[in-house]
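One structure is given below, encoded as structure tokens.
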Protein chains: 2
Amino acid sequence: MKTSANTSERLIESTRELLWERGYVGTSPKAIQQRAGAGQGSMYHHFDGKPALALAAISRTAEEMRAAIDAQFAAPGTAVERISAYLRRERDVLKGCPLGRLTQDPDVMADATLRRPVEETFAWLRTRLTDVLAEGAARGELSGALDPAATASAIVAVLQGGYVLARAANSTTPFTEAVNGALGLLTAQAATQD
Amino acid sequence: MKTSANTSERLIESTRELLWERGYVGTSPKAIQQRAGAGQGSMYHHFDGKPALALAAISRTAEEMRAAIDAQFAAPGTAVERISAYLRRERDVLKGCPLGRLTQDPDVMADATLRRPVEETFAWLRTRLTDVLAEGAARGELSGALDPAATASAIVAVLQGGYVLARAANSTTPFTEAVNGALGLLTAQAATQD
DNA sequence: GTCTATAAGCAGATAGAC
DNA sequence: GTCTATCTGCTTATAGAC
């Protein structure tokens, strides 16, 4: 058995990086090959073409993101504590969300196969966060007046929008501010609970 | 004087549409010419090249957005009412924000000239919203415990992130939910005020 | 599995005629 | 102002040798 990363593996990882940095439309097979140190023929031997390679890359990114979030939410603590930890965990803010950015890519959104992992992951995340919030409401940590699903969507949107603001400003400040603002609102309404 | 739209005008408008639909990297001079009904030579007569045309398009979009938001915030009403009206105004949700999407474009962000209108518009928007929130706090409509700047960033982020979620889901639902969630939090904390 | 050759078409212009 | 010709290099492969 081989211990070093094989060519197929390097191609997938290179594609993941380039999709994150430049998007699908901005990434050429040639750029992938160069980053992976693989030749033209080698790439087309392992994958049918750019869409197939992108699907492998996007699927892996989606899986990793899901696993990371699952671990985060499974940690002990109140709903607000776990959400706070999730929002404040270390991130490469200026690079943005590797999945969220694909949402702006016309060729990804136009291809049902490429689109599916993106769609499913965000749907799953919103559901997962809704559960955490509903749990918090059931325990009396949060106001029952809040709609858990709406609040969950707002929180995920703050994250995704925070990336947008950070990139626009070329600074992590607006991202941090947005997260603080969201948590400020969440704890301010919790103060209503007494 | 001419009354019909001239070629230069049509080129700018076509570029604006394409930047919105496909981004800078995904838009070719040829596509712009075809949409504008202009020839190659015609385009290069009026503009130095793709970056110059994009700058004209992006600048105009930024100006329009700023004027629209200014009008929105100048309307009468409490801080929460004006913010609610802003968040809930009619939008082409699935198309996303024409300026926010450029944030994901590597070639726009790498070019200081193209980047500036995007950066300035979002900086201005956050400041403007911060003023509205500070005003609300001064009037006693909102809790003084909230940081106006952080809350403003969170609200703008909800909007930008709402677009991302809507595109991921291919549905306006998550956008509406996120807006409702944000307004829910804002009014819930206002309930603390008594 | 990897390499080189080949190819139709697009990207992003420049040059000069009209 | 607009048009056609021309150009270099990239895109996204396919074919076949090694």
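Convention: sequence-line order gives letters A, B, ...; per-chain numbering from 1.
- At whole-Å resolution of the value, CD in B:Q40 and P in D:dT6 are 14 Å apart.
- Between A:S28 and D:dC10 there is no side-chain polar atom (N or O) within less than 4.0 angstrom of OP1 or OP2.
- Distances from the side chain of B:P51 to the nucleotides D:dT14, D:dG1, C:dA13 place C:dA13 closest.
- One interatomic measurement links the two molecules: NZ of A:K50 to C1' of D:dA13, which rounds to 12 Å at whole-angstrom precision.
- Under 4.0 angstrom from either OP1 or OP2 of C:dG1 there lies no side-chain N or O belonging to A:T7.
- Side-chain heavy atoms closer than 4.5 Å link hydrophobic residues (I, L, V, M, F, W, Y) into clusters, and following such links, possibly through other members, connects B:L99 to B:L159.
- With rounding to whole Å, B:F47 atom CZ is found 15 Å from D:dT2 atom C1'.
- The same ILVMFWY cluster, assembled from side-chain heavy atoms under 4.5 Å apart, contains both B:L133 and B:I69.
- Atom-to-atom distance recorded for A:S42:OG and A:Q33:CD is 8.5 Å, nearest 0.5 angstrom.
- Between A:L18 and A:E21, the closest side-chain pair of non-hydrogen atoms falls below 4.5 Å.
- In this structure, A:L18 atom CG and D:dT12 atom C1' are separated by 16 Å, rounded to whole Å.
- Residue A:K30 places no side-chain N or O under 4.0 Å from the OP1 or OP2 atom of D:dT11.
- A:Q33 has its CD atom 13 Å from the P atom of D:dC10, to the nearest Å.
- What separates CG of B:L11 from C1' of D:dG1 is a distance of 12 Å, to the nearest Å.
- Applying the 4.0 Å criterion to OP1 and OP2 of C:dC3, one finds that A:H45 has every side-chain N and O outside that range.
- Here the P atom of nucleotide C:dA5 and the OH atom of A:Y44 are 18 Å apart, to the nearest Å.
- Nucleic acid contact for B:G41: base, since at least one base atom lies under 4.0 Å from a heavy atom of the residue.
- Ionic pairing of A:R116 and A:E119 is not present here: no N-O contact between side-chain nitrogen and carboxylate oxygen is shorter than 4.0 angstrom.
- For the pair A:H46 NE2 and D:dT12 C1', the interatomic distance rounds to 18 Å; values are reported in whole Å.
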